[in-house]
*Asks:* 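Provided herewith is a single structure, encoded as structure tokens, for subsequent inquiry.
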There are 2 protein chains.
Amino acid sequence: MTVTIKDVAKVANVNPSTVSRVIADSPRISEYTKRKVRQVMEELGYHPNLNARSLVSNNASAIGIIMPSSVEKAFQNPFFANVLGGISNLSHEKHYSLYMSTGATQQEIYSEVVKMVEGRRVDGIILLYSRANDPITNYLVEKNFPFVVIGKPYNEEGKSAYVDNDNFGAAKEITEHFIKNGHRLIGFIGGSPELIVTMERLNGYKKALENANIPVVNEYIVHTEFHKEGGKGAIAKLMSLKQPPTALIVTDDLIGFGVLGTLQEMGIKVPEDICIFSFNNIMLTELTNPPLSSVDINIDQLGYNATDSLIKLISNTENVPKKQIIPHQLIVRESSNGKVINNKLKINN
Amino acid sequence: MTVTIKDVAKVANVNPSTVSRVIADSPRISEYTKRKVRQVMEELGYHPNLNARSLVSNNASAIGIIMPSSVEKAFQNPFFANVLGGISNLSHEKHYSLYMSTGATQQEIYSEVVKMVEGRRVDGIILLYSRANDPITNYLVEKNFPFVVIGKPYNEEGKSAYVDNDNFGAAKEITEHFIKNGHRLIGFIGGSPELIVTMERLNGYKKALENANIPVVNEYIVHTEFHKEGGKGAIAKLMSLKQPPTALIVTDDLIGFGVLGTLQEMGIKVPEDICIFSFNNIMLTELTNPPLSSVDINIDQLGYNATDSLIKLISNTENVPKKQIIPHQLIVRESSNGKVINNKLKINN
DNA sequence: TTGTAAGCGTTATCAA
DNA sequence: TTGATAACGCTTACAA
């Protein structure tokens, strides 16, 4: 039924090992033999059994992608799809397959990783999250198994290579952008404060305020989730302060959408009454009304570079930088298009 | 270095085959031996080599996921991430791993599929698209390899199992919903007319109009892409007709967002001036202003059921229905919240 | 209930 | 430049 290397060998009148060498395009095989063998392979419709190959060569030509444990949420956020796109691009080019984790809980995912690694199903792993004191990270480090983290690992001085943005810098730039436009009442709406990325952006925001001698007001800092429900109350509270902010930094476009919706419901106009700037620049930011200013963090580049590093790590050929920072760009759209002049918010013509 | 079945056998003082049987939890091994062997496995940190296992047992415990060739676009649309979520859920439960295609062109993906299949890397395949005269589908059918299509295959009478929605019915229901609310000027904005799903929804829309003796107006039918740019002109043209529609059916939430944005730019209010109903009910539909009415097509259920069918197909144990229709629900939100009375559009209190 | 041994389809080492 | 053969780690008849 199945055509094996032996069948090809028999028909081509050579030894199986010769066929194997032809497949590997070994330079020590004559062009004549190569042509002959290849023709037979074609005729018989031969395709290598990858499991047999992996068994003996001890490599799988596959990369394991580990999703965060809150899969439900993860699959909602275009971020993951985008980063997958970047990973996909390079791994295809480099002839690596993609193996995805499917577990829902940390525990499940942990066993999956062990199974992938010990079962020799993958040659390396990309972690699509970074969590404090993560058993998976620890396991990988201890095993000395090639892996790359997207986002900053909790233990920065740790052994793991990672690819990230300058989140501190980006948030600082946005804040400075607002300050330059005269804003002094600037709020910060972030996702879970347990995420490192949230904290870094918060710190960048604070730093910019400090530099400009603007006091950091605790009431101006809000943490909420992607979903509308959670955020609504917090935004309402924020906007009903005696001095509501004239500008808002939001750490994720999805949260940004929620904020936009809530504000419109409250009859607060963007950017006439308040300016907004968020992060990620997913496609949908162009489609909102008004279009949402957002930091383009080059999501697929994160995936692409992580893959690049991982493959280098696997082949152990080049030195891989422990840390890679992907550049970002502020994409200014209508939602942040206002200046504060004499304590009044004015729209740029 | 690596702990194999032989090492375990040696330490446990049994034959390798016994260890193998313990792993398979064979009923013909004494509880005593099982306990003993398991303890040794634990002690030595044994994990089976999946490649060796796949080689001999000729199955991979893995499912191949094939993305549409226009990956870029695919990764933009939350639909794919959601369906992946559904697939992920069940395959994890059933102990199948996920293998993803990475190719960008049809040609590339075709070779990937062949490699997966002939290379014995996967036991079955889920196609996340359906295209007319698709070489991959043909290959799979000819090979008699287990696979399931999400969406309706072009060749309906073909041999392939598929999981789909009743797109005709859903579009018809929306149209009837509008008609019931007094609308008679109803437009249709669809994605690429080459997609079967677009055509089915278009037909449902037409059927409902017919049933209500409302003429189908060609100017009311527009095809556009996800991105805003393309659609803008078409929408503008549509709305500047002598008799612009009072209601719009849009075949995808992403297009819906674009339409919403364009209309707001044009100063046309939703639902005061026009009602909108779209498809997919992705999370973001709740976050727009106004919230977008949308048909919940149970995306993850599509993935879940496809996986279910595929696994049954693989194990060849149960009869698998060639066709599975996942139920849908109209989720009515503010964007469609208007009635036409005496030729005037009125908002429901 | 357990052991023996063959074989899955490759690659790689050693000879020739 | 090619052939013979062992080995990769596991499963599964067949024996015992």
Side-chain angles (χ1 to χ4, degrees), chain A residues 1-38 40-41 44-62 95 97 114-123, chain B residues 1-38 40-41 44-62 114-123:
Chain A
M1 174 69 224
T2 323
V3 180
T4 77
I5 221 171
K6 287 180 192 170
D7 301 317
V8 176
K10 217 167 288 172
V11 175
N13 247 313
V14 295
N15 191 277
S17 59
T18 303
V19 178
S20 174
R21 284 190 270 253
V22 171
I23 294 171
D25 201 17
S26 157
R28 317 185 325 183
I29 295 285
S30 73
E31 273 310 315
Y32 171 74
T33 308
K34 278 188 185 176
R35 242 196 311 278
K36 186 176 62 179
V37 170
R38 283 193 183 123
V40 175
M41 295 198 315
L44 301 187
Y46 168 80
H47 293 276
N49 182 315
L50 301 176
N51 297 313
R53 177 180 289 174
S54 292
L55 175 59
V56 47
S57 67
N58 213 21
N59 78 315
S61 296
H95 306 288
S97 309
V114 173
K115 198 173 146 193
M116 281 184 186
V117 171
E118 313 267 1
R120 301 286 191 281
R121 269 281 143 92
V122 301
D123 301 329
Chain B
M1 173 70 226
T2 323
V3 180
T4 77
I5 219 170
K6 286 181 193 167
D7 301 318
V8 176
K10 219 167 288 171
V11 175
N13 248 313
V14 295
N15 192 277
S17 60
T18 301
V19 177
S20 174
R21 285 190 267 252
V22 171
I23 294 171
D25 200 17
S26 158
R28 317 185 326 182
I29 296 284
S30 72
E31 274 309 316
Y32 171 74
T33 308
K34 279 188 185 173
R35 242 195 311 278
K36 184 176 62 181
V37 170
R38 284 194 182 121
V40 175
M41 295 197 317
L44 302 187
Y46 168 80
H47 293 276
N49 182 315
L50 301 176
N51 297 314
R53 176 181 288 176
S54 292
L55 176 58
V56 47
S57 66
N58 213 21
N59 79 315
S61 298
V114 174
K115 198 173 146 195
M116 281 184 189
V117 171
E118 313 266 2
R120 301 285 189 280
R121 269 282 143 95
V122 299
D123 301 328

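In this text the structure is predicted, and so the values were computed from the model without any measurement. Excluded from the calculations below are hydrogen atoms, water molecules and symmetry mates; all remaining heavy atoms, backbone and side chain alike, are included.
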*Asks:* Quick check on C:dT2: is either OP1 or OP2 less than 4.0 Å from any side-chain nitrogen or oxygen of B:Ser30?
*Replies:* yes
*Asks:* So what does A:Ser20 hit on the nucleic acid, given a heavy-atom distance under 4.0 Å: a base, only sugar-phosphate, or nothing?
*Replies:* base
*Asks:* If you check the B:Ile5 side chain, which of C:dT2, D:dC10, C:dG9 turns out closest?
*Replies:* D:dC10
*Asks:* For A:Asp7 and C:dT10, what is the distance between atoms CG and P respectively, to the nearest whole Å?
*Replies:* 9 Å
*Asks:* Could you tell me the separation between the CG atom of B:Asn15 and the C1' atom of D:dT11, rounded to a whole number of Å?
*Replies:* 12 Å
*Asks:* How long is the line joining CD1 of B:Ile29 and C1' of C:dG3, in whole Å?
*Replies:* 10 Å
*Asks:* If you find the nucleotide of DNA chain C closest to B:Arg28 and the one closest to A:Tyr46, which residue's nucleotide is nearer the 5' end?
*Replies:* B:Arg28
*Asks:* Checking contacts here: which listed nucleotide (D:dA4, C:dT10, D:dT1) is nearest the side-chain heavy atoms of A:Ala52?
*Replies:* C:dT10
*Asks:* May I ask you to check whether B:Arg120 and A:Thr2 show a side-chain donor-acceptor distance below 3.5 Å?
*Replies:* yes
*Asks:* To the nearest Å, how far apart are A:His47 NE2 and C:dC8 P?
*Replies:* 20 Å
*Asks:* Rounded to whole Å, how long is the line connecting atom CG of A:Leu55 with atom P of C:dG7?
*Replies:* 17 Å
*Asks:* If you find the nucleotide of DNA chain C closest to B:Val56 and the one closest to B:Asn13, which residue's nucleotide is nearer the 5' end?
*Replies:* B:Asn13
*Asks:* More 5' along DNA chain D: B:Arg21 or B:Pro48, using each one's nearest nucleotide?
*Replies:* B:Pro48
*Asks:* Under 4.0 Å, counting only non-hydrogen atoms across every strand here, what does B:Val19 touch: a base, just sugar-phosphate, or nothing?
*Replies:* nothing
*Asks:* So, is A:Ser54 near the phosphate of D:dC8, with a side-chain N or O under 4.0 Å from OP1 or OP2?
*Replies:* no
*Asks:* Examine C:dG3: is either OP1 or OP2 under 4.0 Å from a nitrogen or oxygen in the side chain of B:Thr18? Give yes or no.
*Replies:* yes
*Asks:* Taking only the side-chain nitrogens and oxygens of B:Ser57, find out if one of them lies under 4.0 Å from OP1 or OP2 of C:dC8.
*Replies:* no
